[in-house]
Amino acid sequence: MPLDVSQHPCFNSDVRHKVARVHLPVAPLCNIQCKFCNRRYDCANESRPGVTSVVLSPGQALYYLDNLMEKTPEIKVVGIAGPGDPFANVKETMETLRLVRKHYPSMLLCVASNGLQTAAYAEELAELEVSHVTLTINAVDPEIGANIYAWVRDGKRIYRGVDGASLLLERQTAAVKALASRGVTVKVNAIVVPGVNDGHISAIAQSVSEWGASILNAIPLYPVAGTEFGDIPTPTPESMKELRGELRQYLPQMEHCTRCRADAVGLLGAAPNPEHLIQLEKAASQPINPQEQRPYVAVASREGMLVNMHLGEADKFYIYGEEKGRYQLMASRAAPAPGGGNERWNDLADSLKDCRAVLAASAGKTPSMVLEQRGLRVVMMEGLIEEGLDAVYRNLPIRAPLRKEHACGSGASCGGNGMGCM
Ligand code: SF4
Ligand code: SF4
């Protein structure tokens with residue numbers, strides 16, 4: 001049955017009061033740094049892009065969607081909109097889209113991206129019947145773009161200034177054309193930043209219309225504390241109205257965007273439903289692959305009170321479970337002997353195959369990757385074991401989480417400078 005593409009509430013305002021959407025927050029990393037973006041916040045009351053309460057694995061995202069659909073069957077659109085960029089997390093993004101398409105064949109799929117790495121996946125997106133893609137394009141002149149983007153990362157190279165803005169623009173142009181030529185509806189978001197690009201939005205509208213975009217969403221800057229544009233006042237409603245009037249000569253205008261969080265769910269603009277947050281947190285506390293039976297949590301600890309050992313130095317792991325709402329020490333298991341490369345981490349994954357997470361004071365990139373590929377989440381932290389168990393079983397925050405080794409700009413906690421953690 002063909003998809004009914006008219007049912008997307010962002011692209012068709014006539015259905016926005018009856019059709020709901022959900023954003024699945026599976027994409028924490030970003031590959032550029034916009035000067036208005038700060039993904040450090042994690043506040044349920046903060047409603048804007050880049051903000052989410054949790055990050056889910058693709059399997060957890062499907063688990064969440066399954067539960068949501070039982071109580072909110074009016075969801076007809078599944079989107080991936082961060083909290084970073086979907087194509088800076090392409091494995092998770094494509095896997096999530098594939099899972100949703102397989103389990104919900106009539107669901108509309110949509111993705112929101114900065115466009116840096118989107119064109120390369122246009123074919124695959126079209127094959128998956130992703131019907132709507134939003135690309136945020138804030139400049140079509142690299143001199144102006146250079147004032148908006150702090151850096152742009154392509155593979156291992158970081159580009160700044162006009163070089164970064166030129167590369168981004170080249171990729172965004174290719175992305176709009178590649179998607180539109182495959183029948184995907186492209187919406188372009190343009191953030192209107194007074195004094196920076198507000199006199200340039202018409203040029204953006206004209207260009208993206210020529211490339212094949214179908215609709216433009218001019219979004220007033222939301223000044224976020226701690227960002228370079230944090231002190232620039234948001235454009236007035238009157239100036240936005242006047243601007244949209246001008247832009248209409250190039251493209252239809254979206255005027256009902258509610259600047260959703262990366263984990264938004266429900267009708268556009270509706271107040272958050274606490275039940276949805278409970279479901280989201282429940283999904284985040286599942287094993288990476290929720291269909292696996294993994295009731296326990298392994299802990300690298302010297303004495304069984306604190307999480308205080310490096311994954312590689314632990315000679316045994318304490319195994320905890322939850323019974324009648326209380327954490328219980330179930331066993332301790334010897335760790336595989338040091339050496340042997342990845343074999344050692346595969347052996348550890350075998351020995352902990354009934355555990356959904358391992359708590360450790362730190363862990364290297366390779367062991368973390370091997371264990372996570374085998375469905376075992378690695379949580380790096382220091383402090384009481386109980387606090388780590390609360391984080392895994394109840395999705396509560398850890399007071400002293402340690403950051404995983406990662407690419408700069410990653411995670412809801414980083415607004416990095418592209419040079420790695422200092
Ligand atoms: Fe820009 Fe990345 Fe933030 Fe999106 S998540 S606004 S692309 S820095
Ligand atoms: Fe739709 Fe705007 Fe929300 Fe994106 S941010 S889902 S375009 S309303």
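In listed order, ligands and their atoms are each counted from 1. Because the structure is a prediction, the values reported are computed rather than measured.
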Does [X] use its side chain to pair, donor to acceptor, with the backbone of [Y] at less than 3.5 Å?
X    : Y    : result
S113 : D85  : no
D263 : P25  : no
S207 : I204 : no

Just wondering, more than 12 heavy atoms not from F11 lying within 6.0 Å of its CZ?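 It does: F11 CZ has more than 12 such atoms within range.
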Using heavy atoms and a threshold below 4.0 Å, how should the contact between C30 and ligand 1 be classified: side chain, backbone, both, or neither? side chain
Location of contacts on I32 toward ligand 1, heavy atoms closer than 4.0 Å: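 It is both parts that get close, each with some atom under 4.0 Å.
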Check whether any N, O or S atom of C37, backbone or side chain, sits closer than 2.8 Å to atom 1 (Fe) of ligand 1.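 No N, O or S atom of C37 is closer than 2.8 Å to atom 1 (Fe) of ligand 1, so no.
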Distance filter under 4.0 Å to P83 heavy atoms, resulting ligand 1 atoms: 5 (S)
Hey, which atoms in ligand 1 end up nearer than 4.0 Å to a heavy atom of N114? 7 (S)
Could you report the tightest heavy-atom contact between Q286 and R356, atom names first, then the distance? CA-NH1, 4.2 Å
